[in-house]
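Chain letters run A, B, ... following the sequence lines, proteins first and then strands; every chain starts at 1. Computed over heavy atoms, backbone and side chain alike; hydrogens, waters and symmetry mates excluded.
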Protein chains: 2
Amino acid sequence: MKLQALAAGQTDRIGNVNIDFLRHISKLATGCENEIGMPIRLETRRIPKHHDIFAEGDTLRDVMFLRDGWAYRYRLLGDGRRHIVNFLIPGDFVGPYFPTAAHFCGTLTDVTLCQAPRSDFSDANRNYPALASALEAIMATEYRLLSERLVSLGRRNARERMAHLLVELYERMRRVGLITDNSYEFPVTQEILADTLGLSVVHVNRTLRSLREDGFATVGFGRVCIRDLDGLRDVAGADEPTQAHWSLGTSAPVPFAAAS
Amino acid sequence: MKLQALAAGQTDRIGNVNIDFLRHISKLATGCENEIGMPIRLETRRIPKHHDIFAEGDTLRDVMFLRDGWAYRYRLLGDGRRHIVNFLIPGDFVGPYFPTAAHFCGTLTDVTLCQAPRSDFSDANRNYPALASALEAIMATEYRLLSERLVSLGRRNARERMAHLLVELYERMRRVGLITDNSYEFPVTQEILADTLGLSVVHVNRTLRSLREDGFATVGFGRVCIRDLDGLRDVAGADEPTQAHWSLGTSAPVPFAAAS
DNA sequence: CGACATCTTGAGCTGGCTCAAGCGTAGTGG
DNA sequence: CCACTACGCTTGAGCCAGCTCAAGATGTCG
């Protein structure tokens with residue numbers, strides 16, 4: 001589950017920021033010489049699986065990126081109900097976006113984080129607009145992801161939701177080079193899936209069975225195997241105005257703090 | 001529906017950014033001299049009700065704030081299903097976060113926007129970290145709002161969702177001084193409410209009736225009248241770890257681009 | 001190899017949906 | 001000034017997607 005893909009030559013200039021900023025950030029994270037000469041030293045930290053990285057309400061000195069492993073953002077209701085806001089895969093920004101975390105963040109696997117004090121980023125942002133750009137793009141991207149998830153929960157049925165999530169994760173994993181043989185690691189129990197999609201565990205199980213029997217994808221034993229990507233996209237919705245949303249915004253350069 | 005409250009003296013320094021940045025931004029928007037001496041000239045634009053401000057996929061030169069009126073972000077599925085991602089009230093950042101919009105934005109009432117070219121913000125961001133801070137805080141705040149909505153759709157039932165939305169909007173309206181007599185303007189049809197909460201119009205109607213009959217709130221004739229705020233909060237969920245979430249993050253200063 | 005978590009399947013229930021019809025109100029045009 | 005239309009609100013009636021409860025089966029880890 002390492003970010004092997006990131007080792008390969010990165011020719012994109014971060015000045016023309018698109019989602020490839022992720023790779024640059026991750027390159028930073030992996031310690032390779034980075035292209036924007038950003039003077040931030042990232043510390044590495046390991047956290048075992050099934051632990052919280054931070055809790056709702058925590059005020060954190062450091063800003064974190066996920067170098068490898070899976071994590072997830074979640075929130076709890078008073079009566080124990082849980083909702084999972086998003087999954088985090090290698091290369092993702094862990095956060096928090098705000099110094100005070102608005103949600104919990106837990107690990108699904110053993111995890112390696114790369115982190116640096118928030119103040120370092122503040123300083124660097126001022127002198128390296130490309131970095132500020134990248135961070136804004138990260139936020140905008142996750143915002144888009146959330147609104148997509150929101151649409152799912154609001155207006156898609158169980159089958160569509162599941163298909164949508166599987167495709168979304170496929171695209172994200174592909175982007176960081178973690179797809180092999182049309183399949184990807186997926187250390188997510190059906191219970192967690194249920195809390196992500198707003199379903200019951202039982203119904204998640206039946207939904208997965210149905211997708212499997214129809215030849216779209218198999219989910220289990222810690223892996224997702226996509227058998228019919230286009231079909232799965234169709235199930236996910238006759239929506240998605242274009243591919244643009246699957247690709248997480250390749251089209252969109254130049255956020256606020258445009259690089260010079 | 002003007003931002004009267006914003007006219008009053010603003011003593012907060014934006015250097016210690018919290019959600020009060022909204023007021024500063026709005027102050028900019030209203031043309032008053034601003035405190036950070038930011039050299040951005042905002043143009044005013046009016047848009048009639050029931051029009052789109054921008055469409056999904058549009059690439060926009062300008063960044064916009066809502067000076068008065070109501071608007072909403074929404075997305076469409078291929079088969080006509082619609083989901084409303086968020087409402088925008090006076091003082092809100094309209095966006096888009098990314099130059100290329102990831103969703104539609106429509107007006108519910110006649111609306112006044114204040115806007116400036118994105119490039120102006122890019123430049124200003126570099127020289128006025130306080131502004132960059134504020135914009136990041138805006139994003140983080142809306143992120144929090146979305147994740148809250150996500151929890152609603154995933155794990156709350158119709159009654160809880162409705163109560164939660166009404167309280168959320170109450171808090172947001174209060175923040176910009178638009179509450180009078182425990183009530184606020186609410187130019188939202190039951191159909192739009194349905195598309196926001198992931199319910200059918202019929203069920204929205206029944207849910208509102210139930211909340212009205214139980215003495216919590218009345219919704220109709222373009223207004224929400226809160227009759228029992230605490231009760232409504234209880235209905236919304238024995239969740240909300242603290243008040244923090246209702247208050248949209250007053251606690252949280254110093255995002256990435258901390259002001260000096 | 002025992003204990004515990006996870007997955008699976010059956011059976012019956014229900015919250016919220018769909019369909020359908022009636023009503024009030026605001027425009028709109030003749 | 002009134003008829004007409006359109007839109008939004010309301011309520012009834014029946015239905016179904018997804019839920020809950022229950023009970024095995026299958027891992028998996030110390």
Side-chain angles (χ1 to χ4, degrees), chain A residues 48-51 70 77 79-84 106-110 152-165 186-213 217-225 235 237, chain B residues 48-50 70 72 77 79-84 106 108-110 152-165 185-213 217-225 235 237:
Chain A
K49 71 174 163 183
H50 304 317
H51 278 69
W70 280 63
L77 300 194
D79 58 7
R81 283 177 288 182
R82 173 178 66 170
H83 187 77
I84 287 160
T107 61
L108 291 169
T109 63
D110 292 346
S152 272
L153 293 184
R155 286 292 174 234
R156 284 192 254 252
N157 64 27
R159 198 176 154 88
E160 293 167 338
R161 284 180 213 180
M162 182 66 79
H164 193 275
L165 180 65
F186 190 63
V188 173
T189 65
Q190 292 184 356
E191 187 183 359
I192 288 181
L193 222 30
D195 283 341
T196 305
L197 299 176
L199 302 169
S200 68
V201 182
V202 173
H203 203 62
V204 162
N205 187 292
R206 293 195 222 277
T207 304
L208 288 176
R209 173 161 54 122
S210 135
L211 287 177
R212 184 186 343 118
E213 287 173 356
T218 59
V219 178
F221 306 104
R223 281 197 93 71
V224 169
C225 182
V235 173
Chain B
K49 71 174 161 184
H50 303 318
W70 280 63
Y72 65 115
L77 301 194
D79 58 7
R81 281 177 288 182
R82 174 178 64 170
H83 186 77
I84 287 160
L108 292 168
T109 64
D110 292 346
S152 272
L153 293 184
R155 286 291 174 235
R156 286 193 252 251
N157 64 27
R159 198 175 155 87
E160 293 167 338
R161 284 180 213 180
M162 182 66 78
H164 192 276
L165 180 64
E185 202 158 347
F186 190 62
V188 173
T189 66
Q190 292 184 358
E191 187 184 357
I192 288 181
L193 222 30
D195 283 341
T196 305
L197 300 176
L199 302 169
S200 68
V201 181
V202 172
H203 203 62
V204 163
N205 186 292
R206 294 195 222 275
T207 304
L208 288 176
R209 172 160 54 121
S210 136
L211 288 178
R212 184 185 345 118
E213 287 173 355
T218 58
V219 178
F221 307 103
R223 282 199 91 72
V224 169
C225 182
V235 174

Expressed in angstrom and rounded to an integer, what is the separation of B:R159 atom CZ from C:dT14 atom C1'?
17 Å

Scan residues 201-211 of chain A for pairs that pass side-chain hydrogen bond (donor to acceptor under 3.5 Å, both in side chains), counting only residues two or more places apart or in two chains.
A:R159-A:S210, A:Q190-A:N205

List the protein contact pattern of nucleotides 18-27 of chain C with one symbol per nucleotide (5' to 3'): B for base contact, S for sugar-phosphate-only contact, - for none; contact means a heavy-atom distance under 4.0 Å.
BB--------

Rounded to whole Å, the CD-P distance (A:E191 to C:dC4) equals 17 Å

Does C:dC7 have its OP1 or OP2 closer than 4.0 Å to a side-chain nitrogen or oxygen of A:N205?
no

Which part of the nucleic acid does A:G222 contact within heavy-atom distance under 4.0 Å: base, sugar-phosphate only, or nothing?
nothing

Do you know which two heavy atoms are closest between B:L193 and B:V188, and how far apart they sit?
N-CG1, 4.0 Å

Could you check which of D:dG18, C:dT6, C:dT8 has an atom nearest any side-chain atom of A:N157?
D:dG18

Gap separating the OG1 atom of B:T109 from the NE2 atom of B:H50, nearest 0.5 angstrom:
8.5 Å

Expressed as a whole number of angstroms, how long is the span from B:R155:CZ to D:dG18:P?
13 Å

Please report the distance, rounded to the nearest Å, between CG in A:L153 and P in D:dA17.
19 Å

B:R223 CZ to D:dG8 P, straight-line distance once rounded to whole Å
20 Å

CZ on B:R155 to CZ on A:R81, rounded to 0.5 Å
8.5 Å

Nucleotide nearest A:R209 (side chain, heavy atoms from C-beta), chosen from C:dG16, C:dT8, C:dT9:
C:dT9

Measuring from atom CZ of A:R156 to atom CG of B:L77, what distance do you get when rounded to the nearest 0.5 angstrom?
5.0 Å

How close or far is atom P of D:dG27 from atom CD of A:Q190, stated in whole angstroms?
13 Å

Roughly how far, to the nearest 0.5 Å, is the OG1 atom of A:T218 from the CZ atom of A:R223?
10.0 Å

Calculate, to the nearest 0.5 Å, the distance between atoms CG and CG belonging to A:L165 and A:L197 respectively.
5.5 Å

Can you check the A:L208 CG to D:dG18 P distance for me, whole Å?
13 Å

Residue A:L199, side-chain atoms from C-beta onward, closest of D:dG18, C:dT8, D:dT11
D:dG18

In whole angstrom, give the distance that lies between atom CG of B:L193 and atom P of D:dG8.
13 Å

